[in-house]
Amino acid sequence: MSETFDIIIRNAAVIDGTGAPRVRADVGTRADRIVRIGDLAAERAGREIDASALVAAPGFIDAHTHDDRMLLSDPAMAPKVSQGVTTVITGNCGISLACSPALSASIPPLDLLDSDGEWFRYPRFEAYRDALAAAPAATNAACLIGHTTLRAATMARLDRPASARETARMRALAGQALAAGAIGISSGTAYAPAAAATTQELIEVCRPLAGTRGLYVTHMRNEDERVLEAMDETFAIGRALGVAVVISHHKCVGKANHGRSGETLALIERTRAQQDLGLDCYPYTASSTVMQSGRAGQATQVLVTWSKPHPELSGKTLAEAARALGVSEAQAIERLKPAGAIYFLMDEADVRRILAYPQTMIGSDGLPHDARPHPRLWGTFPRVLGHYARDLGLFPLETAVHKMTGLTAARFGLQDRGVLREGAYADVTLFDPLTVLDAASFDDPVQPAHGIHSVFVNGEAVWVHGQATGARPGRLLHA
Ligand code: ZN
Ligand code: CU
């Protein structure tokens, strides 16, 4: 039987995303699918790649992003495709562009998506979906709806629990969004605009998830002293609705809580016996979000990532910014706002323990619109592959790939993604296992990684020779 191929990747070390050991094989694609994995020595294709020094892996799935706007405003998605990412999960931490109100004032953390508010123009999920369909991005996207966004769209004041009427309105918006293709609902009760929401409010807003494959994904109410309590609330919401939950960017914050990942992971492991539960993590000991005095107080160092009134102080430490402004650090926080920051507040041993936990997916939590972003935006995936898997030996490369492909696709219900097998979509990343490594650092955060050879989305090259190709084959994925 003779076949035709658009692309043949020859003699690659194929790591298929399931966690299985690599095998040496050729990979042939046609249109948007992988059609053969095996010996294609007798076959020819329009594009042939000698991959004898490379790993062929499923394109990486970024389990935790804030790329809602980058998909539309910077569709080449360079921070992502340069790392081998071919699919992004958007709408995390309670904030989504979809279902957003028109904003007249900056509401942190919604302003992480757009500090000017101009992009908050998709009152229905359908409007966001149609905008993406009309102007696709380089990567695929699967979208969560944010509970904080729903609150801002529904409530005049955010410092109280929602009324029954407001809750019903949010539930209706969420239900419409899920019917139109959203894959779940996220929350961020750690942040002021959702902190007053009760557990019952969250359950009622997330009610449309019940009986579907949709997920409840949460930046939990607490990640420090009361982290176990916050986990119990998360599990209770999942149980009340009978839905799978994902704990976002799991961490133990502040010196007093360093080392507690042993406890939190044990609780996750016990709870997994009773309900469906997942988590993601980024490979750094510093977090990043909006400027908050509470977080700053828990950190050993704070870096300014952006500031609306003082853009010139981006990249400075909070101490330097305070000196430049001639005020105390506490006063500087208020003078810099609206602003974002990086906070050094985790323990390396916790980060490693959480990364190595078998159910942990890799999610960057990158903030694409920050003037001086946390290096996780450009470095997360190569850092896990090169630094944690290869150089530190935290787990085999096959496990690292699984945590960013097959595990994630299964968790989010993305059919025929996250695996290299015949019939699956041709989302493929070729990388050099000897050189793959993050290049972005806290001092120099906008740097494409080393060792990513080429990246294909739905059978089209999006990153080759260290550059975005400009192709925009990305699709909106449904669970
Ligand atoms: Zn978050
Ligand atoms: Cu986040």
Side-chain angles (χ1 to χ4, degrees), residues 61-71 79-80 85 88-98 100 107-115 141-149 151-152 183-195 197 202 215-224 226-227 230-231 233-234 245-254 264 278-292 294-295 298-299 305-306 340-343 345-346 351 354 360-370 373-381 408 411-412:
I61 301 169
D62 192 340
H64 186 110
T65 84
H66 296 286
D67 293 345
D68 303 49
R69 172 184 148 201
M70 182 162 64
L71 288 161
K80 296 303 163 85
V85 169
V88 296
I89 309 292
T90 67
N92 280 283
C93 298
I95 61 177
S96 59
L97 271 197
S100 58
I107 303 179
L110 285 169
D111 56 2
L112 291 176
L113 297 179
D114 177 15
S115 61
C143 305
L144 302 163
I145 292 304
H147 164 251
T148 301
T149 290
R151 285 190 125 231
I183 62 159
I185 302 172
S186 76
S187 69
T189 45
Y191 293 108
L202 289 161
L215 300 106
Y216 171 60
V217 178
T218 179
H219 175 155
M220 298 190 298
R221 209 177 278 280
N222 190 280
E223 294 176 312
D224 47 70
R226 299 195 307 283
V227 63
M231 291 169 74
E233 180 187 34
T234 299
V245 301
V246 174
I247 295 173
S248 294
H249 44 58
H250 184 42
K251 58 170 101 59
C252 296
V253 164
T264 61
L279 68 159
D280 63 72
C281 179
Y282 51 78
Y284 297 87
T285 55
S287 71
S288 183
T289 182
V290 287
M291 182 68 83
Q292 294 167 314
R295 272 276 141 116
Q298 293 169 315
T305 52
W306 61 278
I342 290 167
Y343 307 91
L345 39 60
M346 285 171 256
V351 171
I354 293 168
T360 302
M361 305 178 282
I362 307 305
S364 71
D365 203 6
L367 297 171
H369 313 297
D370 287 11
H374 188 303
R376 67 195 186 188
L377 175 65
W378 288 81
T380 289
F381 292 82
T408 318
R411 169 56 55 203
F412 289 97

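Hydrogens, waters and symmetry mates play no part in the numbers below; they use all other heavy atoms, side chains included. Atoms within each ligand, like the ligands themselves, are counted from 1 in listed order.
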Proximal protein heteroatoms (N, O or S) of the Zn ion (ligand 1), under 2.8 Å: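 Correct list: Cys93 SG, His219 ND1, His249 NE2.
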
Nearest heavy-atom neighbours spanning Lys80 and Ser364: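 The pair with the smallest heavy-atom distance is NZ-OG, 3.6 Å.
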
So which atom in Ile107 and which in Ala152 form the shortest heavy-atom distance, rounded to 0.1 Å?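 Heavy atoms of Ile107 and Ala152 come nearest at CD1-CB, 4.4 Å.
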
To the closest 0.5 Å, what do you measure between [atom1] ([X]) and [atom2] ([Y])?
X: Ile342; Y: Met291; atom1: CD1; atom2: CE; value: 10.5 Å
X: Thr380; Y: Ile362; atom1: OG1; atom2: CD1; value: 8.5 Å
X: Thr289; Y: Tyr191; atom1: OG1; atom2: OH; value: 2.5 Å

Here's a test for you: under side-chain contact (heavy atoms from CB on, under 4.5 Å), which of Gln298, Met346, His250, Lys251 qualifies with Glu223?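 The option that passes is Lys251.
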
Using the rule side-chain contact (heavy atoms from CB on, under 4.5 Å), only one of Thr148, Leu202, Ile95 pairs with Ser187; which is it?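 Running side-chain contact (heavy atoms from CB on, under 4.5 Å) over Thr148, Leu202, Ile95 with Ser187 returns exactly one hit, Leu202.
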
Relative to the ring of Tyr282, is the ring of Tyr284 parallel (under 30°), tilted (30 to 60°) or perpendicular (over 60°)?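 Judged by the thresholds at 30° and 60°, the geometry between Tyr284 and Tyr282 is tilted.
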
What protein atoms of element N, O or S are positioned under 2.8 Å from the Cu ion (ligand 2)?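 Less than 2.8 Å away from the Cu ion (ligand 2) sit His64 NE2, His66 NE2, Cys93 SG, Asp365 OD1.
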
Between the side chains of Glu233 and Arg226, is the shortest nitrogen-to-carboxylate-oxygen separation below 4.0 Å, so that they form an ion pair?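 So Arg226 does not pair with Glu233 through a salt bridge.
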
